[in-house]
A.B. asks: 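Before we start, here is the structure in question, set down as structure tokens.
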Amino acid sequence: MKKKLYLHIGMGKTGTTALQNFFWDNRKLLAQRDICYPELGSQSHAHHLLSPHIPRFLEGEWQFKRVDDWAPKLAESEQSRILLSSELMAWAEDAKARKFCAQLSVWFDVHMVIYLRRQDNIIMASYNQQIKAGPQRRRIDLIYRQKVERFDYPRILAPWTDSLSPGKVIVGPYEREQFYRGDIRRDFMHRVFALDLDDAFELSTGNSNPRLSLAAGEYKRMVNNLDKDGAKNARFNELLMRYSAEQDTDSTSYYSSQSVLSPQQRLEIIETTREASAKIARQYLGRADGKLFLEPEPQPDDLWNGIDLTREDADAITAYIRQHDSHLLHWLSRQVEEKKDHLAYQIRHSARFLAGSVLSSSEVPQVYKVSREDASPLVIGGLGGSGTRLVVSLLRRMGVVFGGELNESLDNLWFSLLFVRRAILLKSDDEMDKLAWLFANAMRHGVEVSSELRQMLIEACESERSPVLPRELREQSAASLLASPTIDRRHQHWGWKEPNSHILLPALDRCFPQMKYVYVVRNGLDMAFSENLNQLKYFWGDLLLEGDCEPTPVNALRYWVAAHKRVQGFRQRLGDRLHFLSFDRLCTDPEGELEALREFAGIQISKADLQDIAQTVKPPSTSGRFREHDLSIFDPADVAFVHEMGFEVE
């Protein structure tokens, strides 16, 4: 008996990304329910490589597979039901779709699933998607009538219906009100497999493919007219998506919609396609009334403000780009300047309109502030030799990303280069903002930096700090900072480790206002006999201590006490964003300390995985080394403070 093969062919802009992510994230649960969602032919959680339709721009880019190469493999699946999903399939030419069905029918009992969105809505959604992708350069009011032909649903369904047995073409209207329990993922599983999703299934709440706001979309369309640079397109999208989310919270909703067509234009589309929609409703859904879509239709007198970009919105968007990616704004300025007198109207008009805000803004000094999405790092500090390297190693295994240039102790050398120097204490807030932006940019974005910031980096590189940070290492760190690749790391749980960072807590708290700080503390008596006394000897000894600052065990304990009391003084300022982690307790009760650290940092990890990580913690041979020394050399008050902090002193 043939296995059942369900082809989810889209359409695009009908929740396909959300469905594909759901299928992928729940593959094991689906398999337990006799549904296979295979890895074979997958690209971004969808089976695009198995599609009979190959878009021209993907020819030679992706390795598409022939049916004869993959169908026999899937036919051997343990499950009796196999689900494939790719919105590319919906656009297969008539002959290719029929051939595809015929080839698959040799191996499977084939079913096809498609969701249809009301034509005015899908035309607008597709238009917005094409603006994000880059190729859309014309206004929608010039092209929407051509798009009606593209979404001729009876024509699209015909080859599939003719090729498959009656009842095996499953059509779902893409309207929230018509979804089973108001969710397309629940609707799909119920409509196709008669399956109700229980609590075991993972249902993410975020939007996998949010839209641009109306203003940001029109701004992006004009940018599309100026250049076809793919890398720049991605950077504009990143910024404009963030801008849209801040200005229009509905833009991130699964069912977000916005009208880029007037009510009259939308009604024209609805009337043109009404008969086709009624045919679909009767033939595939058995609705005698011919109502495929139930969403209320727009009214001719509905309020509509148009899609023209106002000067105020253009200025606001340009200012946002200037704040978050000054290099991108400089690039845009050059494009605007070059194309203000272009022969093509669309290009000339876009350049001249944007010139009002872009060219004038390019002369305004850059304001450097760490952006909101970069303001929540997890920072690890303490005294040298206190166990910060172990803590970072454990946090890495828990999923926190500690990137940048690191030394053997996992210290962030970019941070060391910029901030670990005595001159940093004399920097103004404005200078600290610039250094923080430079550091965060390298860690999170990698966009090209201005000549002003390059000069500050040169200054930091010239600051002598041998032998702790010799010139060769400073130059290497500066070069790697400037070479940080351009990439979006916004969704990483990120941070850095540099023991000296506790000295800069006030400045770091101002520059990274959502920062969480972990101060790693080891028994002060053990630390007094540590060989790592760089902080005391080379940097901050006379800052925290009065009188003698020589790197002796007595002064090392004095420094430990002073540093500990100083960080304690920040409890009121940082509140629950400050966490003291006892290295000694970590060694004796790793599971308990790691659970407290996990909760503080907001890390999502299973209890079993946390237990596995805890089992790797072993006390170092130097634990308790103070017992081998004469403790009478220390001030009794300092020893008493160590004991008050919960450490052994005998």
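As a basis for the values below, the full set of heavy atoms in this structure was taken, side chains included, without hydrogen atoms, waters or symmetry mates.
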A.B. asks: How are the rings of Trp494 and Phe439 set relative to one another: parallel (under 30°), tilted (30 to 60°) or perpendicular (over 60°)?
C.D. replies: tilted

A.B. asks: Indicate, with yes or no, if the rings of Trp496 and Phe419 have centres closer together than 6.0 Å.
C.D. replies: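 Ring centroids of Trp496 and Phe419 are no less than 6.0 Å from each other.
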
A.B. asks: To the closest 0.5 Å, what do you measure between CE (Met515) and CG (Leu508)?
C.D. replies: 5.5 Å

A.B. asks: State whether a side-chain donor-acceptor pair under 3.5 Å links Ser501 with Tyr517.
C.D. replies: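 Side-chain D/A pair, Ser501 to Tyr517: present.
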
A.B. asks: Short question: side chain of Arg522, backbone of Gly387 - any donor-acceptor pair under 3.5 Å?
C.D. replies: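 Answer holds: no.
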
A.B. asks: Donor-acceptor pair, Trp414 side chain versus Ser477 backbone, under 3.5 Å?
C.D. replies: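 Answer holds: yes.
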
A.B. asks: Could you go through the side chain to side chain contact (heavy atoms under 4.5 Å, CB included) check for Ile603 and Leu610 one step at a time?
C.D. replies: CA-CA 11 Å; Ile603 298 171; Leu610 194 67; over 6 Å; no

A.B. asks: Can you tell me how far apart CD1 (Ile613) and CD (Glu591) are? Round to the nearest 0.5 Å.
C.D. replies: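 CD of Glu591 is found 11.0 Å from CD1 of Ile613.
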
A.B. asks: Is there a side chain to side chain donor-acceptor pair (under 3.5 Å) between Glu39 and Ser42 once you walk through the steps?
C.D. replies: CA-CA 5 Å; Glu39 292 185 38; Ser42 62; 5.9 Å; no

A.B. asks: Does this structure show an ion pair linking Arg372 with Glu246, if we count only N-O contacts that are shorter than 4.0 Å?
C.D. replies: yes

A.B. asks: Regarding Asp433 and Lys369, does a basic nitrogen lie under 4.0 Å from an acidic carboxylate oxygen?
C.D. replies: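 The answer is yes: the pair qualifies as a salt bridge.
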
A.B. asks: Could you measure the distance from the CG atom of Leu504 to the CZ atom of Phe415? Nearest 0.5 Å is fine.
C.D. replies: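 The CG atom of Leu504 sits 5.0 Å away from the CZ atom of Phe415.
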
A.B. asks: Classify the ring geometry between His579 and Phe600 as parallel (under 30°), tilted (30 to 60°) or perpendicular (over 60°).
C.D. replies: parallel

A.B. asks: Donor-acceptor pair, distance only, cut-off 3.5 Å: does the side chain of Ser244 make one with the backbone of Leu212?
C.D. replies: no

A.B. asks: Answer yes or no: is there a donor N or O on one side and an acceptor on the other, between the side chain of Arg585 and the main chain of Gly646, under 3.5 Å?
C.D. replies: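 A pair under 3.5 Å: no.
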
A.B. asks: Is it true that a side-chain atom of Asp526 and a backbone atom of Ser623 form a donor plus acceptor pair closer than 3.5 Å?
C.D. replies: no

A.B. asks: Are the side chain of Arg573 and the backbone N or O of Leu505 linked by a donor-acceptor pair below 3.5 Å?
C.D. replies: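 Side chain of Arg573 to backbone of Leu505, a donor-acceptor pair under 3.5 Å: no, none is there.
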
A.B. asks: Kindly assign one of parallel, tilted or perpendicular to the pair His502 and Tyr559, based on the angle between their ring planes and the thresholds 30° and 60°.
C.D. replies: perpendicular

A.B. asks: Among Ser416, Ser484, Ser480, find the one that has a side-chain hydrogen bond (donor to acceptor under 3.5 Å, both in side chains) with Glu405.
C.D. replies: Ser480

A.B. asks: Please answer whether the main-chain N or O of Glu498 pairs with a side-chain N or O of Asn412 as donor and acceptor at a distance below 3.5 Å.
C.D. replies: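 No, because the side chain of Asn412 does not come within donor-acceptor range (under 3.5 Å) of the backbone of Glu498.
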
A.B. asks: Does a donor on one side chain sit under 3.5 Å from an acceptor on the other, for Ser409 and Asp411?
C.D. replies: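 The criterion, which ignores hydrogens and geometry beyond distance, is not satisfied for Asp411 and Ser409.
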
A.B. asks: Establish, yes or no, whether a centroid distance under 6.0 Å links the rings of Trp331 and His327.
C.D. replies: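 No, too far apart.
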
A.B. asks: Which residue, Arg421, Arg422, Arg474, Arg471, forms the salt bridge (charged side-chain N to carboxylate O under 4.0 Å, His left out) with Glu464?
C.D. replies: Arg474

A.B. asks: Quick one, Arg33 and Phe201 - any side-chain contact, counting heavy atoms below 4.5 Å?
C.D. replies: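 Sidechains of Phe201 and Arg33: in contact.
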
A.B. asks: Within the supplied structure, the quantity of interest is the number of heavy atoms (other residues, nucleotides, ligands) at a distance under 6.0 Å from Glu648 CD; does it exceed 12?
C.D. replies: no

A.B. asks: Taking the six-membered ring for Trp, are the ring centroids of Tyr243 and His324 within less than 6.0 Å of each other?
C.D. replies: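 Not close enough - the centres of the two rings lie 6.0 Å or further apart.
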
A.B. asks: So, does Gln514 use its side chain to make a donor-acceptor pair with the main chain of Arg577 at under 3.5 Å?
C.D. replies: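 Not a single qualifying donor-acceptor pair exists.
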
A.B. asks: Inspect the contact between Arg598 and Glu595 and indicate whether a charged nitrogen and a carboxylate oxygen are less than 4.0 angstrom apart.
C.D. replies: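 Between Arg598 and Glu595 there is a salt bridge, with a charged N closer than 4.0 Å to a carboxylate O.
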
A.B. asks: Looking at His643, I want to see if its NE2 is surrounded by more than 12 non-hydrogen atoms of other residues, nucleotides or ligands under 6.0 Å.
C.D. replies: no

A.B. asks: State plainly whether the residues Asp25 and Arg185 are in salt-bridge range, i.e. N to O under 4.0 Å.
C.D. replies: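 Answer for the salt bridge query: no.
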
A.B. asks: Using a 6.0 Å distance limit plus a 45 degree cone around the ring axis, check whether Lys497 lies over the aromatic ring of Phe402.
C.D. replies: no

A.B. asks: Taking the side chain from Ser530 and the backbone from Asn532, do they hold a donor-acceptor pair closer than 3.5 Å?
C.D. replies: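 Yes; at least one donor-acceptor contact below 3.5 Å.
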
A.B. asks: Look at the side chain of Arg558 and the backbone N and O of Leu544, then say whether any donor-acceptor pair between them is shorter than 3.5 Å.
C.D. replies: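 Flag not set: sc Arg558 to bb Leu544 has no pair under 3.5 Å.
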
A.B. asks: Go through Leu435 and Ile424 one step at a time and tell me if the side chain to side chain contact (heavy atoms under 4.5 Å, CB included) criterion holds.
C.D. replies: CA-CA 10 Å; Leu435 291 172; Ile424 202 70; 3.7 Å; yes

A.B. asks: Would you say the ring centroid of Phe529 lies under 6.0 angstrom from that of Phe634?
C.D. replies: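 Yes.
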
A.B. asks: Please assess Thr552 against Glu550 for the test side chain to side chain donor-acceptor pair (under 3.5 Å), listing each intermediate value before the final yes or no.
C.D. replies: CA-CA 6 Å; Thr552 65; Glu550 289 299 310; over 6 Å; no

A.B. asks: For Asp576, does the CG atom have more than 12 heavy-atom neighbours from other residues, nucleotides or ligands under 6.0 Å away?
C.D. replies: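 Atom CG in Asp576 is not packed in, count stays at 12 or less.
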
A.B. asks: Between Asp325 and Lys232, does any NZ, NE, NH1 or NH2 come within less than 4.0 Å of an OD or OE carboxylate oxygen?
C.D. replies: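 Looking at Lys232 and Asp325, the cut-off is not met.
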
A.B. asks: Would you give the length of the straight line joining atom CZ of Phe236 to atom CG of Leu328, rounded to the nearest 0.5 angstrom?
C.D. replies: 4.0 Å

